[in-house]
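Worksheet: one structure, shown below.
In each ligand, atom 1 is the first atom listed, and ligand 1 is the first ligand listed. In this chain, residues are counted from 1 in sequence order.
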Amino acid sequence: MATITILGSGGFGLSLAIMCDNAGHDVTVWSKFQDEIDTINRTGELKSKLPGVLINKTIKLTTDISAAKGKDMVIVGIPSNFVRSVCEEAAPYIDKDTIIVNTAKGLEAGSLKRMTEVEKECFPDNIIAVLTGPSHAEEVARGIPTTVCTACENREAANFIQQTLSNNTFRVYVNDDVIGCEIGGSLKNVIALAAGVCDGLGLGDNTKAALMTRGIREIARLGIAMGAERDTFAGLSGIGDLIVTCCSMHSRNRRAGILIGKGTDPAEAVRQVGTVEGYSCTKNAYDLAKKMGIEMPITEELAKVLFEGAPVGESIKKLMSRPSKNETESQFLS
Ligand SMILES: NC(=O)c1ccc[n+]([C@@H]2O[C@H](COP(=O)([O-])OP(=O)(O)OC[C@H]3O[C@@H](n4cnc5c(N)ncnc54)[C@H](O)[C@@H]3O)[C@@H](O)[C@H]2O)c1
């Protein structure tokens, strides 16, 4: 049995809490918002985040962040925009031997840092890992078979996370490539937004397949330039998470994209859907690509649609009429 505190009582935090509680771990969920906890205590669920899923009564719920003290593992389940502020608040209570497991997907606005880099600044003495992969909260919470991967610079800690979180319905693989796992998990949201736009426009399966395969190619290009392994992008945190996000109505990024494709203003679409991390990630990824001199044509066009009012039709035309090239980078280079 492990002692685990989950920061964030959103869909994913709660789904992991249920999964860990079912596996017999000692689970506490921290929320910044008393009303989320009151709602769960009153109704047994949090309909706004995880409709139709009952939250185990054995899970401890609190707004007291000192509940992160003395735990084997603290899982960060907060949207990426708020990860730094929550981690700074938690830092005074976290023991040095607690493993921090990041599940937030995105890049920090301004610094363009990955979430585990942000967390390392907040918890300099702790081991920081990432847990990522195709794992819709709605399905994890219902015990639908799911596979994810964990990556960490400390192999022993990664093995501990794997052993602790794996069970009959949740299978955790270890991967040594922290950068690749994080970049794949974060930037798939950009491509999912674009896939939603195409769905909203009523374009076809060919277009979606093109976006996904050319999308993972440009994500990998950026990731490799940052030090990631090419192979990671063919795995759970890369193409795996991209498939689940581009094809499912559970994806808020895809749902926001569909609204945009149907003509809703991008900012309004994001307001209507809620947590749409692909929106800010598009800007951050585009800024990072420019800073690093990496070509990311889909991300660039989506950024123009989302933030500069570019007409979607023009962006698609531009993508389709780029100079002819070979499909893979190695052929291109040779
Ligand atoms: N939902 C999924 O299927 C899923 C799967 C894998 C990873 N993730 C990642 O997990 C993270 C959380 O996603 P989610 O789906 O649970 O989000 P959510 O929108 O369902 O919930 C967000 C929760 O975060 C907390 N929160 C919001 N604003 C906050 C603030 N300012 N300060 C402190 N806490 C705040 C609240 O408890 C809120 O309920 C994201 O980074 C997401 O990419 C989600």
Side-chain angles (χ1 to χ4, degrees), residues 5-19 28-40 45-51 53 55 59 61-65 67-68 75-90 101-109 114-116 118-119 122 130-142 144 146-150 165 170 172 181-190 192-193 236-237 240-242 244-245 247-256 270-281 284:
T5 288
I6 298 172
L7 302 178
S9 61
F12 200 53
L14 289 173
S15 74
L16 289 179
I18 293 167
M19 193 267 289
T28 303
V29 174
W30 171 86
S31 175
K32 191 174 180 63
F33 306 108
Q34 185 64 48
D35 63 317
E36 292 187 333
I37 288 180
D38 291 344
T39 304
I40 298 171
E45 64 178 319
L46 191 57
K47 238 185 207 141
S48 59
K49 300 291 182 189
L50 213 48
V53 174
I55 314 297
I59 296 170
L61 303 167
T62 183
T63 54
D64 179 0
I65 205 156
I75 300 178
V76 181
I78 304 283
S80 49
N81 290 350
F82 311 116
V83 161
R84 186 181 288 278
S85 60
V86 169
C87 288
E88 281 173 352
E89 202 180 328
V101 181
N102 173 67
T103 67
K105 293 175 177 174
L107 298 167
E108 187 177 49
R114 294 177 284 110
M115 288 298 113
T116 62
V118 171
E119 286 149 358
C122 299
V130 57
L131 184 78
T132 183
S135 50
H136 285 314
E138 296 81 350
E139 299 184 7
V140 172
R142 290 180 168 85
I144 290 173
T146 297
T147 53
V148 296
C149 61
T150 187
L165 298 185
F170 197 79
V172 183
C181 286
E182 274 193 287
I183 289 298
S186 300
L187 270 66
K188 55 93 192 184
N189 286 333
V190 175
L193 241 176
L236 293 167
S237 62
D241 211 357
L242 187 69
V244 87
T245 314
C247 298
S248 170
M249 280 311 275
H250 288 316
S251 166
R252 289 163 295 194
N253 292 286
R254 177 168 174 245
R255 291 208 309 269
V270 169
R271 199 195 58 75
Q272 284 181 26
V273 174
T275 306
V276 180
E277 288 175 306
Y279 185 68
S280 51
C281 195
N284 298 336

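- Protein heavy atom at the shortest distance from atom 42 (C) of ligand 1 is Glu277 OE1, 3.1 Å.
- Protein heavy atom at the shortest distance from atom 15 (O) of ligand 1 is Arg252 NH2, 2.6 Å.
- For atom 34 (N) of ligand 1, the nearest non-hydrogen atom of the protein is Ile78 CD1, 3.6 Å.
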- Query: Would Lys188 and Thr245 satisfy side chain to side chain donor-acceptor pair (under 3.5 Å), going step by step from the backbone distance to the final call?
  - Reply: CA-CA 7 Å; Lys188 55 93 192 184; Thr245 314; 3.1 Å; yes
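- Lys32 CD, 3.1 Å is the protein heavy atom nearest to atom 32 (N) of ligand 1.
- The nearest protein atom to atom 12 (C) of ligand 1, hydrogens excluded, is given as Gly77 O, 3.4 Å; this is a heavy-atom distance.
- Contacts between Ser9 and ligand 1, counted as non-hydrogen atom pairs separated by less than 4.0 Å, involve both the backbone and the side chain.
- The shortest N/O to N/O separation between Lys105 and ligand 1 falls below 3.5 Å.
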- Message: Let's go through Arg142 and Val53 carefully: what are the C-alpha distance in whole Å and the side-chain angles of both, what is the deciding distance for side-chain contact (heavy atoms from CB on, under 4.5 Å) to 0.1 Å, and is it a yes or a no?
- Response: CA-CA 7 Å; Arg142 290 180 168 85; Val53 174; 3.7 Å; yes
- Apply the test side-chain contact (heavy atoms from CB on, under 4.5 Å) to residues Ile75 and Leu16: give CA-CA distance (whole Å), side-chain angles for both, the deciding distance (0.1 Å), then the verdict. CA-CA 9 Å; Ile75 300 178; Leu16 289 179; 3.9 Å; yes
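- Remark: Glu182 engages Arg114 in a salt bridge, criterion side-chain N to carboxylate O under 4.0 Å.
- At the shortest separation from atom 10 (O) of ligand 1 among protein heavy atoms lies Thr103 O, 3.7 Å.
- Comparing Phe82, Trp30, Phe12 by heavy-atom distance to atom 28 (N) of ligand 1, the nearest is Phe82.
- Scanning the protein heavy atoms around atom 20 (O) of ligand 1, the nearest turns out to be Gly11 N, 2.9 Å.
- Atoms of ligand 1 lying under 4.0 Å from any heavy atom of Val86, numbered from 1 in the order shown and given with element: 32 (N), 33 (C).
- Looking only at heavy atoms of the protein, atom 39 (O) of ligand 1 is closest to Glu36 OE2, 2.6 Å.
- Proximity of Phe33 to Thr63: side-chain heavy atoms (C-beta onward) are nowhere separated by under 4.5 Å.
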- Message: Checking Leu14 against Ile40 for the side-chain contact (heavy atoms from CB on, under 4.5 Å) test, could you report, in this order, the C-alpha distance in whole Å, the side-chain angles of both residues, the deciding distance, and whether it holds?
- Response: CA-CA 11 Å; Leu14 289 173; Ile40 298 171; 4.0 Å; yes
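- Ranked by closest heavy atom to atom 5 (C) of ligand 1, the top entry among Ser85, Gly185, Ser135, Ala104 is Ser135.
- Listed for the Asn253 side chain is a donor-acceptor partner under 3.5 Å among the backbone atoms of Gly278.
- Between Lys32 and Glu89 there is a salt bridge, since at least one side-chain N of the basic residue sits less than 4.0 Å from a carboxylate O of the acidic one.
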